[in-house]
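To start, the structure itself, in structure tokens.
The structure presented is a predicted model; accordingly, all values stated were derived computationally and were not measured. We count residues from 1, following the sequence as given.
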Amino acid sequence: MNLRLITLSLFISFAFVSFGEKNKVCITFDDLPVAVLSDKSDAFQYSVTTKLLGALTRHRIPAIGFVNEDKLYKNNKQVDKHKVNMLRLWLKAHMDLGNHTFSHLDFNQTTCNKYFQDIIDGEKITRPLMQEYFKSLRYFRHPYLNVGETKSKADSLHNFLKSRKYIEAPITIENADWVFALAYDSAMVKKDSVLMKSIGETYVNYMADELKFMEGLSVNLFGRNIRQVVLLHTNALNADFLGKLAEVYERNNYKFIRMKDALKDKAYQTPVTVYGDWGSSWIYRWAYSSGKQGNFFAHAPVTPRFILKLAKMERE
């Protein structure tokens with residue numbers, strides 16, 4: 001075989017491997033055990049939990065859920081065994097758990113000392129619970145995605161978390177699932193199954209648009225689609241439509257991975273140098289830090305007006 005044929009053969013082989021590679025995504029959930037709205041009953045929360053875990057298991061998604069431990073108590077004093085058992089269901093399904101602070105404090109709106117104590121209080125039940133399942137509590141997710149409005153404050157939090165052996169859990173694909181959840185809840189209260197289906201289908205389509213938009217930002221910023229991390233919430237909407245949402249990722253050639261594998265992507269080592277009183281995707285933070293402005297962020301998906309109206313919101 002001559003040199004030209006060898007070169008062509010290698011090119012074809014490389015192209016085949018490259019085009020055959022899967023995208024990768026880590027699915028994460030905030031506000032465990034359940035982000036309840038109208039129905040606060042144990043039965044409803046168990047239903048949300050089992051539906052979510054059923055969809056995760058069927059689609060072989062190794063998700064991680066971030067816990068607010070204040071939800072694990074009755075009247076802020078007595079441990080609620082039902083809520084703790086919901087966390088056990090996550091661990092029995094081979095999912096991971098992380099710390100989301102005790103009471104979902106906003107770091108940008110409180111002192112470092114108070115926030116640090118809230119982190120410590122947020123591991124008292126989850127850490128020993130995970131040890132029962134031979135797991136360690138490794139990851140921390142910032143409520144509201146707020147890491148500190150200044151570099152010095154963000155550094156203080158980073159150093160504190162490091163001292164507690166936590167790894168910060170960023171997200172890249174942000175979305176308005178919580179707004180859709182409010183709309184979905186309003187339809188649930190009315191027992192309007194037709195409207196619920198319409199909201200759910202609109203949500204899945206919106207999330208498909210969000211995926212493509214964030215993929216585009218990733219390619220523009222890094223020259224490739226990085227390993228993505230999606231933020232969702234443990235609500236009734238996702239319990240009912242997570243399977244459809246998983247299919248969106250599967251159709252787009254995604255493999256579901258754990259947080260530790262997502263963070264192996266070198267993109268997550270990109271320095272953040274711009275801070276402010278806002279929480280957002282780390283892709284936005286990296287873009288701001290590299291001087292991106294204006295048109296770079298154009299054409300982001302928007303929440304439909306009828307969803308905002310049902311959620312009783314003027315805007316996101």
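Judged by distance alone, with hydrogens and angles left aside, the side-chain atoms of Thr110 form no donor-acceptor pair with the main-chain N or O of Phe107 at under 3.5 Å. For the pair Ser163 (side chain) and Phe160 (backbone), a donor-acceptor distance under 3.5 Å is present. Without hydrogens or angle criteria, Arg60 side chain to Phe256 main chain gives no donor-acceptor distance under 3.5 Å. No donor-acceptor distance shorter than 3.5 angstrom exists from the side chain of Glu210 to the backbone of Ile173, with no hydrogens or angles considered. Using a distance-only test at 3.5 Å, with no hydrogens or angles considered, no donor-acceptor pair links the side chain of Asp118 to the main chain of Lys114. With Lys165 contributing its side chain and Lys162 its backbone, the two residues share no donor-acceptor pair below 3.5 Å. Checked by atom type and distance alone, the side chain of Ser281 pairs as donor or acceptor with a backbone atom of Ile283 at under 3.5 Å. When atom types are taken as modelled, the side chain of Thr57 and the backbone of Leu53 share a donor-acceptor pair closer than 3.5 angstrom. Under the 3.5 Å distance criterion, the side-chain polar atoms of Ser289 are left unmatched by any main-chain donor or acceptor of Val272. Using modelled atom types, no side-chain atom of Asn235 and backbone atom of Ala181 make a donor-acceptor pair closer than 3.5 Å.
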Criterion side-chain contact (heavy atoms from CB on, under 4.5 Å) on Leu97 and Lys135, from CA distance to verdict:
CA-CA 9 Å; Leu97 297 177; Lys135 291 177 174 283; over 6 Å; no
Going through the checks in order, is the side-chain contact (heavy atoms from CB on, under 4.5 Å) test met by Thr234 and Thr49?
CA-CA 8 Å; Thr234 52; Thr49 300; over 6 Å; no
Please test Asn113 against Thr111 for side-chain hydrogen bond (donor to acceptor under 3.5 Å, both in side chains), starting from the C-alpha separation and ending with a verdict.
CA-CA 6 Å; Asn113 287 340; Thr111 64; 5.8 Å; no
One pair to check against side-chain hydrogen bond (donor to acceptor under 3.5 Å, both in side chains): Asp31 and His100. What are the steps and the verdict?
CA-CA 7 Å; Asp31 303 349; His100 198 38; 3.2 Å; yes
Decide side-chain contact (heavy atoms from CB on, under 4.5 Å) for Asn175 and Val230; before the verdict, give the C-alpha distance in whole Å, the side-chain angles of both, and the deciding distance to 0.1 Å.
CA-CA 8 Å; Asn175 57 81; Val230 182; 4.2 Å; yes
Can Trp278 and Tyr284 be said to form a ring-ring contact (aromatic ring centres under 6.0 Å, His included), step by step?
CA-CA 11 Å; Trp278 39 262; Tyr284 276 77; 8.9 Å; no
Starting from the C-alpha separation in whole Å, work towards a yes-or-no answer on side-chain contact (heavy atoms from CB on, under 4.5 Å) for Asp265 and Arg224.
CA-CA 11 Å; Asp265 193 311; Arg224 61 187 175 86; 2.7 Å; yes
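Counting heavy atoms from C-beta on, the side chains of Trp282 and Glu168 never come closer than 4.5 Å. Taking 4.5 Å as the limit, every side-chain heavy atom of Leu32 sits out of range of all side-chain heavy atoms of Met86. Contact check for Met130 versus Tyr133: no side-chain heavy atoms found under the 4.5 Å cut-off. Two residues are said to be in side-chain contact when any heavy atoms from C-beta on lie closer than 4.5 Å; Glu174 and Leu231 fail this criterion. Inter-residue side-chain proximity for Lys24 and Lys264 is flagged as unmet; no heavy-atom pair is nearer than 4.5 Å. For the pair Leu232/Met207, a side-chain contact is recorded, criterion being any heavy-atom separation below 4.5 Å from C-beta on. Counting heavy atoms from C-beta outward, Tyr249 and Ile61 have side chains that stay 4.5 Å or more apart. Considering only heavy atoms from C-beta on, Gln45 stays 4.5 Å or farther from His82 through its side chain.
Nearest heavy atoms, Asp30 versus Phe66: OD1-CD1, 3.6 Å. Looking at every heavy atom in both residues, Ala262 comes nearest to Val229 through CB-CG2, 3.9 Å. The two residues Gly279 and Asn146 have their closest heavy-atom pair at N-OD1, 3.0 Å. The shortest heavy-atom contact between Lys153 and Cys112 is CG-SG, 3.9 Å. Between Val219 and Asn225, the closest heavy-atom pair is CG2-N, 3.9 Å. For the pair Asn23 and Asn252, the tightest heavy-atom approach, listed with the atom from each and the gap, is ND2-O, 3.0 Å.
By the 30° and 60° cut-offs, the orientation of the rings of Tyr268 relative to Trp286 is perpendicular. The aromatic rings of Tyr144 and His104 stand perpendicular to each other, their planes meeting at an angle above 60°, with 30° marking the opposite boundary.
In the hydrophobic clustering of ILVMFWY residues, with side-chain heavy atoms under 4.5 Å counting as a link, Leu308 and Val302 come out apart. Grouping the Ile, Leu, Val, Met, Phe, Trp and Tyr side chains by contacts below 4.5 angstrom, directly or via other members, places Leu105 with Ile120. Tyr206 and Met313 fall within the same hydrophobic cluster, defined by Ile, Leu, Val, Met, Phe, Trp and Tyr side-chain heavy atoms under 4.5 Å apart, directly or through other members. By the rule that hydrophobic residues join a cluster once side-chain heavy atoms approach within less than 4.5 Å of another member, Tyr115 and Phe102 end up as members of one cluster.
A distance of 6.5 Å separates CZ of Phe296 from OG of Ser290, quoted to the nearest 0.5 Å. Taking CD from Glu123 and CD from Glu69, the interatomic distance works out to 8.0 Å, rounded to the nearest 0.5 Å. Distance check: Ile27 CD1 to Met259 CE gives 10.0 Å after rounding to the nearest 0.5 Å. Annotation: the span from Asn238 atom CG to Phe180 atom CZ amounts to 11.0 Å, rounded to 0.5 Å. Taking OH of Tyr46 as the reference point, atom NZ of Lys83 lies at 8.0 Å (rounded to 0.5 Å). Leu157 CG to Ser152 OG: the interatomic distance, rounded to the nearest 0.5 Å, is 11.5 Å.
The cationic atom of Arg258 (NZ for Lys, CZ for Arg) does not lie both less than 6.0 Å from the six-membered ring centre of Tyr139 and within 45° of the ring axis.
Checked against the 6.0 Å centroid threshold, Phe140 and His142 count as a close aromatic pair. For Phe29 and Trp90, the gap between ring centers is short of 6.0 Å. Not less than 6.0 angstrom separates the ring centroid of Phe241 from the ring centroid of Tyr203.
No hydrogens or angles considered: nothing links the side chains of Gln228 and Tyr254 as a donor-acceptor pair under 3.5 Å. Using modelled atom types, one finds no donor on one side chain facing an acceptor on the other under 3.5 Å when comparing Asp70 with Ser103. There is no side-chain donor-acceptor pair under 3.5 Å between Asn108 and Tyr275.
Other residues, nucleotides and ligands contribute over 12 non-hydrogen atoms within 6.0 Å of the NZ atom of Lys40. Heavy atoms of other residues, nucleotides or ligands lying less than 6.0 angstrom from CD of Glu132 number more than 12. More than 12 non-hydrogen atoms from other residues, nucleotides or ligands lie less than 6.0 angstrom from CG of Asn159.
A salt bridge is absent between Glu201 and Lys244: the closest approach of a Lys/Arg side-chain nitrogen to an acidic carboxylate oxygen does not fall below 4.0 angstrom. The residues Lys255 and Asp261 are annotated as not salt-bridged, no charged nitrogen and carboxylate oxygen being separated by less than 4.0 angstrom.
Here the rule is side chain to side chain contact (heavy atoms under 4.5 Å, CB included) with Asn99, and of Val67, Ile119, Thr126, Asn68 only Ile119 fits it.
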